[in-house]
Structure formats: C-alpha cells, structure tokens
Amino acid sequence: MRSGTRAMRWGVPVAAVAVVAGVVAAGPVIAAVQGEPSLPRRTAAELLADAAEKWQSGRLPQMSGTIVETASLGLPALPVAGGATSPLGLLSGSHQAKVWYGGPDRLRLMVPDEMNENDLVVNGDQVWWWDSAANTATRIKGAPDGAGRPDAVPYTGTVTPRQAAEEALRAAGTDTEIAVGEDATVAGRAAYQVVLTPKDAGSLVKEVRLAFDGETLVPLRVQLYAKGTAEPAFEVGFDSVTFTPPAPENFAFTPPPGAKVEEATAPPIGRGPHGKDGEPGADGHGAAAPRVVGDGWDRVVVVSLPKRFEGDLAGAADRAKGGRDVEGVASLANGMLNAAAPVSGEWGSGRLIRTKLVTALLTDDGRLLAGAVTPEVLYAAAAAK
C-alpha cells in the first residue's frame with residue numbers, strides 16, 4: 001500500500017499486464033502447494049497473468065459483499081477528524097464497508113461510521129456522494145465513462161482488496177521473491193494465495209499474501225506481515241461476498257427530504273469527493289502534495305506540513321481550523337510526538353517514531369516522512385531535499 005494519505009484518481013488505467021510482467025520476472029515462481037481447500041494447481045505466473053488480463057479487460061463479475069479492514073501498526077491512538085472516511089483513519093483499528101458492483105457504470109460503496117454513514121453511488125452518468133452526518137448530498141460532475149470501475153472511484157476512506165493487491169504488485173520488483181502458498185478459504189470461498197517476499201534489507205515488510213478467488217480470480221484478501229511478527233499488521237478482505245448481480249435499487253439514490261444538495265467536479269488529487277475548492281496536487285488548506293522518494297518496498301512518502309504547523313507541532317491540532325485532512329495530519333503529529341525520540345544527523349534534526357511496520361520522522365524544518373522502512377532509509381530520504 002502507498003504510505004501516507006491515499007489519493008485515488010478518476011479513470012487511471014491499471015496497466016496490470018506490465019506490472020505482472022515485472023513481478024513474474026522478479027524472482028522464483030513456485031508451483032502451487034496443496035492445501036485446504038484444494039484447487040487445481042497453478043503457477044504464480046499463471047495466476048497473476050490471468051488476474052491481470054481480467055482487470056485490464058474490465059470483465060469483472062457483478063458482486064456484492066462486506067469488506068473489513070484491520071490495522072495493527074502499533075501507532076498511538078489517533079483522534080482523527082473525519083472518522084472512518086479520514087485518510088488517517090485507516091492507520092488503526094478495524095473498519096467496515098459494504099460494496100455493490102453491477103458493472104463499470106454501477107457501483108455503490110457504503111462506509112458506516114458510528115451512527116452515520118457515507119455512500120458513493122454511481123449509476124450511469126449519475127454520481128452521488130452522501131454524507132449523513134452533514135446531511136449533504138453532493139452530485140459529482142465530470143466523472144468519466146466507467147466511473148464505477150473499482151480502480152476509478154475517488155477516495156472514500158476505504159481500501160478495497162483489489163486496490164491493496166494492485167499496490168502490492170506495484171511495489172514488487174526485482175527485489176521480490178514470488179511464490180504460491182497454500183490454498184485458503186476467504187469469505188467462504190476457496191482461494192489461491194500468492195506470497196510476495198521483499199528481499200531488500202531496508203524494508204520492514206516480511207511478506208504480503210494475496211488471496212484470489214479460485215473461480216473468478218477477484219482479489220478477496222490482502223495480508224501484510226511485518227518482520228518478526230506472526231499476525232498481519234494490516235489486512236483488508238471480504239468478510240462475505242456473493243458473485244450475483246445486485247438488485248437495481250442498490251444503485252438508485254435520491255437526496256432525502258431536507259438534505260442539502262451540492263454539486264462538485266470530479267475531485268483533484270489529494271481531495272475527497274466532497275472537496276470543491278482544492279487545487280490539483282494540494283489539499284486545499286495550504287499543505288503541499290505528498291511526494292514519493294525511492295521505489296518498490298523502500299518507498300518513502302514526504303509531506304511538507306503547512307507553515308502554521310511549523311514550530312510548536314504539539315499544538316497543531318488545536319490551531320487547525322477547517323479541513324479534516326489538515327486536522328488529521330495535526331492529530332497524527334500529536335500522537336507521534338508523545339512516543340517519538342529525538343534524532344539528528346547530516347540531514348538535520350527531528351523526532352522519530354518506530355512501529356512494527358511503519359517508521360515516521362518529523363523533522364524540525366517541518367517535514368513528515370513515513371514508510372514501511374528502517375530509520376536509515378528515512379534519514380537518506382530526508383537528506384534528499
């Protein structure tokens with residue numbers, strides 16, 4: 001998964017065939033191991049190539065199900081504004097989403113959050129974002145054809161198994177060993193497992209297990225293990241899934257009586273579907289767009305904090321006014337500072353926090369660097385200003 005806030009884009013091609021070509025050439029491809037349940041034997045090359053062909057062709061089966069995402073990164077509790085739909089909300093705890101997929105032009109994704117819910121509804125040329133807490137229905141204009149494709153939806157605070165699988169395959173390269181693990185049962189479905197094992201010493205990732213439905217090859221679950229651990233540090237997968245056409249009423253949406261109705265264009269990078277005033281590459285509140293240093297498993301996300309957060313970072317959350325992404329960064333900074341250790345080097349000085357999977361560095365010059373890497377990798381990225 002991409003570190004830092006996740007910014008989904010509209011209409012971005014998967015280019016999965018190219019990804020698979022690089023992954024399969026990266027390391028050994030091991031024949032499938034017999035397990036329970038038992039599926040026909042297939043190699044990693046066959047599984048990934050067939051899955052990529054389905055993703056790129058758009059021939060995805062109609063389906064519905066419940067997705068559960070669980071993170072156990074060892075981070076401090078984060079009082080993140082925006083709850084389950086905040087980008088930082090994925091960093092701790094367990095979250096649930098329900099999805100209905102009726103084809104490239106029909107999709108509904110519902111994210112419950114305590115007593116409220118958020119819905120993304122795509123039905124032909126009608127694209128709506130419903131925020132029950134704000135009692136606001138936003139009609140999104142400018143969505144391209146095929147806006148309901150799982151790889152084309154905007155950020156909703158939810159990472160689907162397919163998105164997580166794509167990110168893991170993008171990270172894999174020549175420094176990755178690829179094997180087929182034992183068959184598994186996910187959401188009551190027999191599934192193949194492909195195991196990606198990074199070989200780079202700078203990565204904190206022990207392995208990533210991708211579970212593909214044995215019949216449809218749809219990604220059902222992604223589990224990310226940190227080095228030295230026996231349980232997943234991050235997991236997203238279907239708790240239940242049905243590969244049958246959803247009822248048409250699941251894609252029908254009419255703003256409830258009394259709801260505030262707004263219009264917005266398809267969101268720029270870095271904004272959610274309810275943001276209308278941001279500029280591409282910025283969060284709309286003065287924070288620069290995140291940039292990525294390095295590639296593969298050693299990728300580091302670098303965020304320049306807004307000027308109003310420089311200096312007294314411990315009070316940043318109290319000073320943040322408007323914009324839940326900005327408040328989220330401040331909340332993350334506060335939580336990190338309570339457990340951070342002072343560090344310094346040729347790159348400068350700052351504070352470092354280490355967890356079993358994520359390492360983050362807050363520099364005194366107002367930068368936040370994070371990745372599933374060792375501190376040494378972060379220090380090198382901090383030096384590359």
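Here the structure is a predicted model, which means the values were calculated and not measured. As a basis for the values below, the full set of heavy atoms in this structure was taken, side chains included, without hydrogen atoms, waters or symmetry mates.
- The structure places CG of Asp131 at 12.5 Å from CG of Leu120, a figure rounded to the nearest 0.5 Å.
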Please list, one pair per line, the donor and acceptor atoms closer than 3.5 Å that link side chains of residues 226-245 to other protein atoms, with sequence neighbours excluded.
| unit_1 | atom_1 | unit_2 | atom_2 | d |
| --- | --- | --- | --- | --- |
| Lys227 | NZ | Ser203 | O | 2.7 |
| Thr229 | OG1 | Ala226 | N | 3.3 |
| Thr229 | OG1 | Ala226 | O | 2.6 |

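- Tracing side-chain contacts under 4.5 Å through hydrophobic residues (I, L, V, M, F, W, Y), one reaches Leu169 starting from Val205; they form part of the same cluster.
- With hydrogens and angles ignored, the 3.5 Å screen pairs no side-chain donor or acceptor of Asp119 with any backbone N or O of Val121.
- A distance-only check finds no donor-acceptor pair linking the side chain of Arg354 to the backbone of Pro375 [under 3.5 Å].
- In this view, Leu204 and Thr359, Thr374 satisfy the side-chain contact (heavy atoms from CB on, under 4.5 Å) rule, not counting sequence neighbours.
- By the rule that hydrophobic residues join a cluster once side-chain heavy atoms approach within less than 4.5 Å of another member, Val377 and Val343 end up as members of one cluster.
- The nearest pair of heavy atoms linking Leu109 to Ala97 is CD1-CB, 4.3 Å.
- Between Pro248 and Arg106, the closest side-chain pair of non-hydrogen atoms falls below 4.5 Å.
- The hydrophobic clustering, which links ILVMFWY residues whose side-chain heavy atoms are closer than 4.5 Å, places Phe253 and Trp129 apart.
- A donor-acceptor pair under 3.5 Å links the side-chain atoms of Tyr192 to the main chain of Pro40, judged by distance alone.
- Between Ala165 and Leu210, the closest heavy-atom pair is CA-CD2, 4.2 Å.
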Go through the steps for Leu196 and Ile178 under the test side chain to side chain contact (heavy atoms under 4.5 Å, CB included), then give the verdict. CA-CA 5 Å; Leu196 310 178; Ile178 300 96; 3.8 Å; yes
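- Between the side chain of Asp183 and the backbone N or O of Leu39, at least one donor-acceptor pair lies under 3.5 Å.
- Gln223 contributes atom CD, which lies 10.0 Å from atom OG1 of Thr70 (distance to the nearest 0.5 angstrom).
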Let me check something: any side-chain donor-acceptor pairs from residues 211-222 under 3.5 Å, sequence neighbours excluded? List them with distances.
| unit_1 | atom_1 | unit_2 | atom_2 | d |
| --- | --- | --- | --- | --- |
| Asp213 | OD1 | Arg189 | NE | 2.7 |
| Asp213 | OD1 | Arg189 | NH2 | 3.3 |
| Asp213 | OD2 | Arg189 | NH2 | 3.0 |
| Asp213 | OD2 | Glu215 | N | 3.1 |
| Asp213 | OD2 | Thr216 | N | 2.8 |
| Asp213 | OD2 | Thr216 | OG1 | 2.9 |
| Glu215 | OE1 | Arg189 | NH2 | 3.2 |
| Thr216 | OG1 | Val218 | N | 3.2 |

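- Among all heavy-atom pairs drawn from Asn250 and Arg108, the shortest one is O-CD, 3.1 Å.
- Leu107 CG to Asn123 CG: the interatomic distance, rounded to the nearest 0.5 Å, is 10.5 Å.
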Side chain to side chain contact (heavy atoms under 4.5 Å, CB included) between Leu352 and Leu378, worked out: CA-CA 10 Å; Leu352 179 76; Leu378 287 188; 4.2 Å; yes
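- Scanning both residues, Lys206 and Pro198, for their nearest heavy atoms gives O-CD, 3.5 Å.
- A donor-acceptor contact shorter than 3.5 Å links the side chain of Gln163 to the backbone of Thr160.
- Counting only distance, with no hydrogens or angles, the side chain of Lys356 and the backbone of Ser72 share a donor-acceptor pair below 3.5 Å.
- Counting only residues at least two apart or on different chains, the ring-ring contact (aromatic ring centres under 6.0 Å, His included) pairs with a member in residues 340-373 are Trp347-Tyr379.
- Grouping Ile, Leu, Val, Met, Phe, Trp and Tyr by side-chain contacts under 4.5 Å, direct or through others, leaves Val195 on its own.
- Environment of CD in Glu249: crowded, with over 12 heavy atoms of neighbouring residues, nucleotides or ligands closer than 6.0 Å.
- Considering only residues two or more places apart in sequence or on other chains, Arg209 meets the side-chain hydrogen bond (donor to acceptor under 3.5 Å, both in side chains) condition with Glu207, Tyr225.
- Atom CG of Asp175 is separated from atom CG of Asp295 by 8.0 Å, given to the nearest 0.5 angstrom.
- Placement of Val111 and Trp130 in two distinct hydrophobic clusters is found when ILVMFWY residues are connected by side-chain heavy-atom separations under 4.5 Å, directly or transitively.
- Ala382 approaches Arg367 most closely through the heavy-atom pair O-NH1, 3.1 Å.
- Within 6.0 Å of CG on Asn135 lie more than 12 heavy atoms contributed by other residues, nucleotides or ligands.
- The two residues Gly102 and Phe251 make their nearest non-hydrogen contact at N-CZ, 3.6 Å.
- Cluster annotation: Tyr101 is not connected to Trp128 through the hydrophobic network of ILVMFWY side chains, with a link wherever side-chain heavy atoms come within less than 4.5 Å.
- Residue Arg42 holds its CZ atom at 10.0 Å from CG of Leu48, rounded to the nearest 0.5 Å.
- Atom NZ of residue Lys199 and atom OG1 of residue Thr176 lie 7.5 Å apart, to the nearest 0.5 angstrom.
- Of the possible donor and acceptor atoms, one in the side chain of Ser132 sits under 3.5 Å from a partner among the backbone N and O of Glu117.
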